[in-house]
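Here's a structure for you.
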Amino acid sequence: MSEKKLPFSEELVREIAAVYGTPFHLYDEKGISDNVKRLQKAFSWSSDFHEYFAVKATPNPWIMKSLKKLGVGADCSSMAELILAETVGITGEEIVFSSNDTPDEEFLKAHELGAIINLDDISNLDDMERLHLVPKRICFRYNPGPDLARGNAIIGTPQEAKYGMTREQLLKCVAWAKNKGIGYIGIHTMVISAELELPGLLGTISMMFDLANEIRNTHGVTVSFIDFGGGIGIPYRPEQEPVDLEGLGEGAKKLFEEKMRGFENTRICFECGRMITGPYGYLVTKAIHYKNIYRDYIGVDACMADLMRPGIYGAYHHVSVLGKGNLPKNKIYDVVGSLCENSDKFAIQRELPEIEMGDLIIIHDTGAHGHSMGYNYNGRLRHQEIMVHEDGTVQQIRRNETLHDLFATLTYPELHENVDKLEK
């Protein structure tokens, strides 16, 4: 198996570990920036192409601010994500607010910010009426159900998914919006995730172009906005190839020329998160324990609080040992964390070089859905995020969580007193 490479020198990673301690998520700003520019270039044939970063992937304002400089907006799904977007200066049509089971206060905040409000269900029209909201910009989320036979392990088949509305419901929503005099009406879908093959991605684009034409033919509405969702995958395994973004852009252009006459002013967009930051984040952790029973185990100072994907999805993340990339992989380990859960494993029966205590272990492709999915079971604390900027400077963009943070919502004074004693 080939080895994944780091964009940083071994010396830099060791220096960061010495200064800040382990574990930490480490982000490559240049890699993220170059990747966004490549996506934008692939769709530069469009008069109005836009990427809305899926904030849930890496909800850190420093990363969002960096992306904003490249003209990237924000795909938000909660109050916290809306506040993050507002804080870094992303407002108006630079926000798509897509949520489900949405509290009133989140609709009101999205409306206050002038966001494109993407309604998940036809019943949300009742919410709009009850709240006396007539959004300036509105969008409707499409679930094609059995009309789209393929699905994947993350989302499942469309008819199993809780997201979106049927075609008939969506057409009724468009009629409602037209009757309300809303001049900016969009359509959205999200039916695949972590897709590496062009047919699936282009199939989604073709489906949405057909839906746009049906809306124009039946309601006389030329949609202002077509959102293909995210779905572009990344090569978690070394032998996998990344998505051919240039091929995706060219394929989308051909479909647009074939199907979309009269839609030249319609914004087309993605709301990728995983593809934008995923390959450019790394969880750096340290080997602190060795155990040999029926298997050989390497215990590290990170755990599922820092990266849940392997434990909940069985997801593969490549693991390498800093400074030992050229050594033979002559040992087989389970690389594990400290939680009282047997699923707290980053790698299972993985061929690796011999690991010594104190070795720095790199878990690759954690730049999306890594830190953001962390939790505090067993009272384990989530760890810091560090960015290497394009100019080579290093910045801690999130500090380590503390026991004070963990216990902040507990109304038990003696507990806080004991934490104070511990930290003295």
Side-chain angles (χ1 to χ4, degrees), residues 48 50 52 54 73-78 82 92-104 106-111 113-148 155 158-159 161-192 203-231 259-260 263 265-271:
D48 191 5
H50 213 65
Y52 292 86
D75 162 43
C76 300
S77 58
S78 69
L82 287 169
E93 64 181 324
E94 295 302 302
I95 298 176
V96 176
F97 177 64
S98 301
S99 68
N100 60 95
D101 297 331
T102 308
D104 290 351
E106 294 184 1
F107 278 136
L108 293 169
K109 183 62 179 179
H111 182 66
L113 294 176
I116 301 168
I117 296 180
N118 183 27
L119 298 185
D120 179 71
D121 183 54
I122 193 170
S123 68
N124 291 142
L125 298 185
D126 294 335
D127 296 325
M128 297 296 102
E129 297 286 2
R130 178 174 50 80
L131 296 171
H132 306 290
L133 289 184
V134 180
K136 182 179 179 181
R137 305 175 184 91
I138 201 162
C139 185
F140 304 108
R141 184 169 186 166
Y142 178 45
N143 181 329
D147 291 341
L148 187 71
I155 291 183
Q159 62 267 32
K162 69 173 184 174
Y163 308 109
M165 60 186 82
T166 68
R167 184 175 59 84
E168 292 77 13
Q169 290 172 337
L170 187 143
L171 292 174
K172 289 179 181 178
C173 287
V174 170
W176 174 89
K178 181 181 179 181
N179 185 57
K180 289 290 185 181
I182 300 174
Y184 193 102
I185 299 172
I187 53 176
H188 166 276
T189 197
M190 179 71 181
V191 290
I192 53 177
T204 297
I205 292 172
S206 180
M207 177 185 74
M208 294 303 284
F209 286 168
D210 288 342
L211 181 60
N213 276 284
E214 182 176 3
I215 289 169
R216 184 169 64 179
N217 293 337
T218 57
H219 291 76
V221 171
T222 299
V223 295
S224 302
F225 176 86
I226 302 175
D227 187 339
F228 308 125
K259 298 187 175 194
M260 300 297 284
F263 287 89
N265 295 321
T266 295
R267 171 171 287 190
I268 62 172
C269 59
F270 282 99
E271 51 185 47

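Hydrogens, waters and symmetry mates play no part in the numbers below; they use all other heavy atoms, side chains included.
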request  = Quick one: pull up CD1 in Ile95 and SG in Cys76 and give me the separation to the nearest 0.5 Å.
outcome  = 5.0 Å

task = Quick one: closest heavy-atom pair of Met207 and Tyr142, and the distance?
result = SD-CE2, 3.9 Å

Where Ser77 and Ser99 come nearest, the two heavy atoms and their spacing = O-CB, 3.7 Å

ask   = Among all residues two or more places apart in sequence or in another chain, which pass the side-chain contact (heavy atoms from CB on, under 4.5 Å) test with Ala212?
value = Ile187, Val223, Ile226, Met260, Phe263

query = If you count the non-hydrogen atoms of other residues, nucleotides and ligands that lie under 6.0 Å from CG in Asn217, is the total more than 12?
reply = yes

inquiry  = Please report whether the ring centroid of Tyr52 lies less than 6.0 Å from that of Phe97.
reply    = no

key: Side chain to side chain, Arg216 and Val221, heavy atoms closer than 4.5 Å   = no

query = Are Asn265 and Asp48 close enough, and set up right, to give a side chain to side chain contact (heavy atoms under 4.5 Å, CB included), and what steps lead you there?
reply = CA-CA 7 Å; Asn265 295 321; Asp48 191 5; over 6 Å; no

note = Lys136 meets the salt bridge (Lys or Arg N to Asp or Glu O under 4.0 Å) criterion, sequence neighbours left out, with none

ask   = Are Thr166 and Asn143 side-chain neighbours, meaning at least one heavy-atom pair lies under 4.5 Å?
value = no

query = So, do Trp176 and Glu129 sit near enough that their side-chain heavy atoms are less than 4.5 Å apart?
reply = yes

inquiry  = Could you tell me if the side chain of Ser98 sits less than 4.5 Å from the side chain of Asp75, heavy atoms only?
reply    = yes

request  = Indicate yes or no: does Asp104 engage Arg130 in a salt bridge with an N to O separation below 4.0 Å.
outcome  = yes

query = Considering only heavy atoms from C-beta outward, does the side chain of Met128 approach that of Leu119 to under 4.5 Å?
reply = yes

inquiry  = With rounding to the nearest 0.5 angstrom, report the OG to CG distance, Ser206 to Leu211.
reply    = 11.5 Å

inquiry  = Tell me if the NZ atom of Lys172 is crowded by more than 12 foreign heavy atoms within 6.0 Å.
reply    = no

ask   = Hey, does the side chain of Arg137 reach the backbone of Gly114 with a donor-acceptor pair shorter than 3.5 angstrom?
value = yes

query = Looking at CD of Glu93 and CZ of Arg267, how far apart are the two atoms once the value is rounded to the nearest 0.5 Å?
reply = 4.5 Å

request  = Output, in order, the C-alpha distance, side-chain angles, deciding distance and verdict of side chain to side chain contact (heavy atoms under 4.5 Å, CB included) for Thr189 and Thr204.
outcome  = CA-CA 8 Å; Thr189 197; Thr204 297; 3.6 Å; yes

message = How long is the straight-line distance from CG of Leu133 back to CZ of Phe107, given to the nearest 0.5 Å?
response = 8.5 Å

key: Side-chain touch Asp120/Met165, heavy atoms, less than 4.5 angstrom   = no

Residue pair His50 / Glu94, side-chain donor-acceptor N/O under 3.5 Å = yes

message = Over 60° means perpendicular and under 30° means parallel, so tell me whether Tyr184 and Phe225 are parallel, tilted or perpendicular.
response = tilted

task = Starting at CG of Leu108, measure out to OG1 of Thr102 and round the result to the nearest 0.5 Å.
result = 11.5 Å

task = Decide yes or no on side chain to side chain contact (heavy atoms under 4.5 Å, CB included) for Glu271 and Asp227, but give the supporting numbers first.
result = CA-CA 7 Å; Glu271 51 185 47; Asp227 187 339; 2.7 Å; yes

Interatomic spacing from CD1 in Ile185 to OG in Ser224 - rounded to 0.5 Å = 7.0 Å

inquiry  = Do Ile215 and Phe140 make a side-chain contact, defined as non-hydrogen atoms from C-beta onward lying under 4.5 Å apart?
reply    = no

Evaluation steps, side chain to side chain contact (heavy atoms under 4.5 Å, CB included), between Arg141 and Leu170 = CA-CA 8 Å; Arg141 184 169 186 166; Leu170 187 143; over 6 Å; no

message = Taking Asp121's backbone N and O only, do any of them form a donor-acceptor pair with Asn124's side chain (distance below 3.5 Å, no angle check)?
response = yes

Under 3.5 Å: donor-acceptor pair, side chain of His219, backbone of Val174 = no

request  = Identify the heavy atoms of Ala110 and Leu82 that sit nearest to each other, and give their distance.
outcome  = N-CD1, 3.9 Å

message = So Ile182 and Pro135, do their side chains get closer than 4.5 Å, heavy atoms only?
response = yes

